[in-house]
Number of protein chains: 2
Amino acid sequence: MDARLSRMLHLLIHMGRMAGPLTSEAAATMLGTNPVVVRRTMSGLRDAGYVRSVKGHGGGWSLIRDLDDITMLDVHRALGENRIFALGPADPTATCLVEQAVNASLEGALREAEALLLRRLNDVSVASIAADFDHRFAESPDIGETEASGRRTSSD
Amino acid sequence: MDARLSRMLHLLIHMGRMAGPLTSEAAATMLGTNPVVVRRTMSGLRDAGYVRSVKGHGGGWSLIRDLDDITMLDVHRALGENRIFALGPADPTATCLVEQAVNASLEGALREAEALLLRRLNDVSVASIAADFDHRFAESPDIGETEASGRRTSSD
DNA sequence: TATTTTGCAACATCGAAAGTTACGTGATAG
DNA sequence: CTATCACGTAACTTTCGATGTTGCAAAATA
């Protein structure tokens with residue numbers, strides 16, 4: 001299962017709530033993975049202009065675009081237009097006419113589903129996911145729903 | 001890439017146009033694969049009641065349902081409710097609230113796309129794919145579009 | 001200059017589909 | 001009744017992409 005989109009969204013939201021840059025090491029700890037994997041995956045977001053990386057002391061990853069201006073689709077695309085479906089034709093270039101007919105039907109259905117998925121990913125900004133997190137945080141049993149809480153400890 | 005749905009559709013259509021049963025050996029040749037793989041995959045269709053298998057001389061696989069009564073979705077389901085997306089959340093049971101918010105958005109989009117795909121798969125009977133093949137066959141340059149053709153050689 | 005942090009290459013690991021081998025079972029031909 | 005055909009299934013290997021890991025170079029800062 002390709003979890004890169006999920007992971008990058010997670011990191012972007014964290015980065016949106018941090019003062020300084022986030023090191024690959026810290027990010028890897030958050031995700032329960034490896035710093036090299038973080039760099040590898042984040043490099044796509046850097047090339048797409050959503051984050052930047054700085055070397056050396058005090059370095060790490062920082063946002064250079066507002067989370068309002070980044071959609072889930074943007075992140076997906078920045079990761080390299082990866083395969084969406086685990087399902088597909090045996091041979092997309094088949095010469096057998098039966099197989100071509102099968103491919104036409106199957107690919108048609110997949111195309112429609114993919115188009116819908118991409119529309120939905122495009123509908124959701126990373127900022128709106130962050131807002132959803134705020135909602136969940138405010139309603140979390142650790143805090144209670146009262147407005148008596150000035151203290152907000154990190155929840156993850 | 002999981003090509004089982006594609007392959008089983010291919011075989012079902014062939015079986016619908018054959019007089020006798022289709023051996024796993026012949027099916028494997030059609031698909032460019034192995035008889036054991038054919039048996040393994042077809043066993044799901046047998047258990048679902050779409051085909052039957054007969055051992056021994058003159059045995060093989062035969063349809064026991066009209067292709068009109070089998071949809072692409074039926075075949076997909078008979079293969080065991082396999083994974084549809086190559087994409088998904090890093091941890092569907094995350095306790096981190098940020099990750100939960102990410103999962104909610106991502107899973108929502110995936111759910112919608114999956115629902116559409118299943119609807120589309122359900123819209124298409126295997127018989128209609130076979131009919132599409134007939135159309136392609138009639139219009140294939142090997143035959144020409146004239147009605148002068150009584151002869152129909154196998155096209156694959 | 002020592003330390004921190006990214007960049008990147010070159011592996012190893014993992015999981016699911018697919019391929020392969022081997023042997024058992026049942027059915028039919030002769 | 002025996003040889004052969006064809007499926008049933010277990011067990012193993014292969015393949016492919018994502019992921020994990022190690023090692024080292026390069027850059028930036030204290």
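Chain naming here is simple, since letters A, B, ... match the order of the sequence lines and numbering starts at 1 in each.
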Q: Output the single nucleotide from dG19(C), dA10(D), dC7(D) whose closest atom is nearest the side chain of Thr23(B).
A: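 Ranking dG19(C), dA10(D), dC7(D) by closest atom to the Thr23(B) side chain puts dC7(D) first.
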
Q: Check the side chains of Trp61(B) and Thr23(B) for a donor-acceptor pair under 3.5 angstrom, ignoring hydrogens and angles.
A: no

Q: Under a 4.5 Å cut-off applied to non-hydrogen side-chain atoms, are Pro89(A) and Glu107(A) in contact?
A: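 Yes, side chains in contact.
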
Q: Quickly work out the Met42(B) CE to dG8(D) P distance and round it to whole Å.
A: 10 Å

Q: Check this for me: does any side-chain nitrogen of one of Asp123(B) and Arg119(B) sit under 4.0 Å from a carboxylate oxygen of the other?
A: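 No, no charged N to carboxylate O under 4.0 Å.
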
Q: Please determine if a side-chain N or O atom of Ser53(A) lies less than 4.0 Å away from the OP1 or OP2 oxygen of dG7(C).
A: yes

Q: Calculate the interatomic distance between Asp2(B) atom CG and dG15(C) atom P; express it in whole Å.
A: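 Rounding to the nearest Å, CG of Asp2(B) and P of dG15(C) are 18 Å apart.
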
Q: Figure out the CZ/P separation between Arg40(B) and dA17(C), and round it to whole Å.
A: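 Those two atoms, CZ and P, are 11 Å apart.
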
Q: Base, sugar-phosphate, or nothing: which does Thr33(A) touch, judged by heavy atoms less than 4.0 Å apart?
A: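 Sugar-phosphate: the residue Thr33(A), judged by heavy atoms under 4.0 Å, touches backbone atoms but no base.
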
Q: Quick one: is dG15(C) close enough that its OP1 or OP2 comes under 4.0 Å of any side-chain N or O from Arg83(B)?
A: no

Q: What are the atom names and distances for every N/O pair under 3.5 Å that joins the protein to nucleotides 26-30 of chain D?
A:
none

Q: Would you mind classifying the nucleic acid contact of Ala86(B) as base, sugar-phosphate or nothing, using non-hydrogen atoms under 4.0 angstrom?
A: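 Answer is nothing: Ala86(B) stays at 4.0 Å or more from every strand.
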
Q: Send over the distance from Leu5(B) CG to dA17(C) P, rounded to a whole Å.
A: 13 Å

Q: Taking atom P of dA18(C) as reference, at what distance in whole Å does atom CG of Asp91(A) sit?
A: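 Computing the Asp91(A):CG to dA18(C):P distance gives 13 Å.
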
Q: Report the distance from atom CZ of Phe85(A) to atom P of dA18(D), rounded to the nearest whole Å.
A: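 One finds 16 Å between P of dA18(D) and CZ of Phe85(A), rounded.
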
Q: Could you tell me if the side chain of Met72(A) sits less than 4.5 Å from the side chain of Asn122(A), heavy atoms only?
A: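 No - every pair of side-chain heavy atoms lies 4.5 Å or more apart.
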
Q: I'd like to know if the side chain of Ser105(A) and the backbone of Val102(A) have a donor-acceptor N/O pair within less than 3.5 Å.
A: no

Q: Give a yes/no on whether any side-chain N or O of Arg39(A) is located under 4.0 angstrom from OP1 or OP2 of dT6(C).
A: yes

Q: Choosing from dA18(D), dG20(D), dT22(D), which nucleotide comes nearest the side chain of Val36(A)?
A: dT22(D)

Q: Indicate, with a heavy-atom threshold strictly under 4.0 Å, whether Arg46(B) touches base, sugar-phosphate, or nothing.
A: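 Sugar-phosphate, no base atom in range.
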
Q: About how many Å separate CE of Met30(A) and CZ of Arg7(A), when rounded to the nearest 0.5 Å?
A: 14.0 Å

Q: Would you say Ser24(B) places a side-chain N or O within less than 4.0 Å of OP1 or OP2 belonging to dC7(D)?
A: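 So the side-chain polar atoms of Ser24(B) do come within 4.0 Å of the phosphate oxygens OP1 or OP2 of dC7(D), strictly under.
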
Q: Do any N or O atoms from the side chain of Thr41(A) and from the backbone of Val37(A) form a donor-acceptor pair under 3.5 angstrom?
A: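 Yes, the answer is positive, given that a donor and an acceptor are paired below the 3.5 Å cut-off.
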
Q: Rounded to whole Å, please give me the gap between CG in Asp47(A) and C1' in dT6(C).
A: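 Between C1' of dT6(C) and CG of Asp47(A): 13 Å.
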
Q: Which whole-number value in Å describes the distance from Asn34(A) CG to dG23(D) C1'?
A: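 My rounded result for the distance is 13 Å.
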
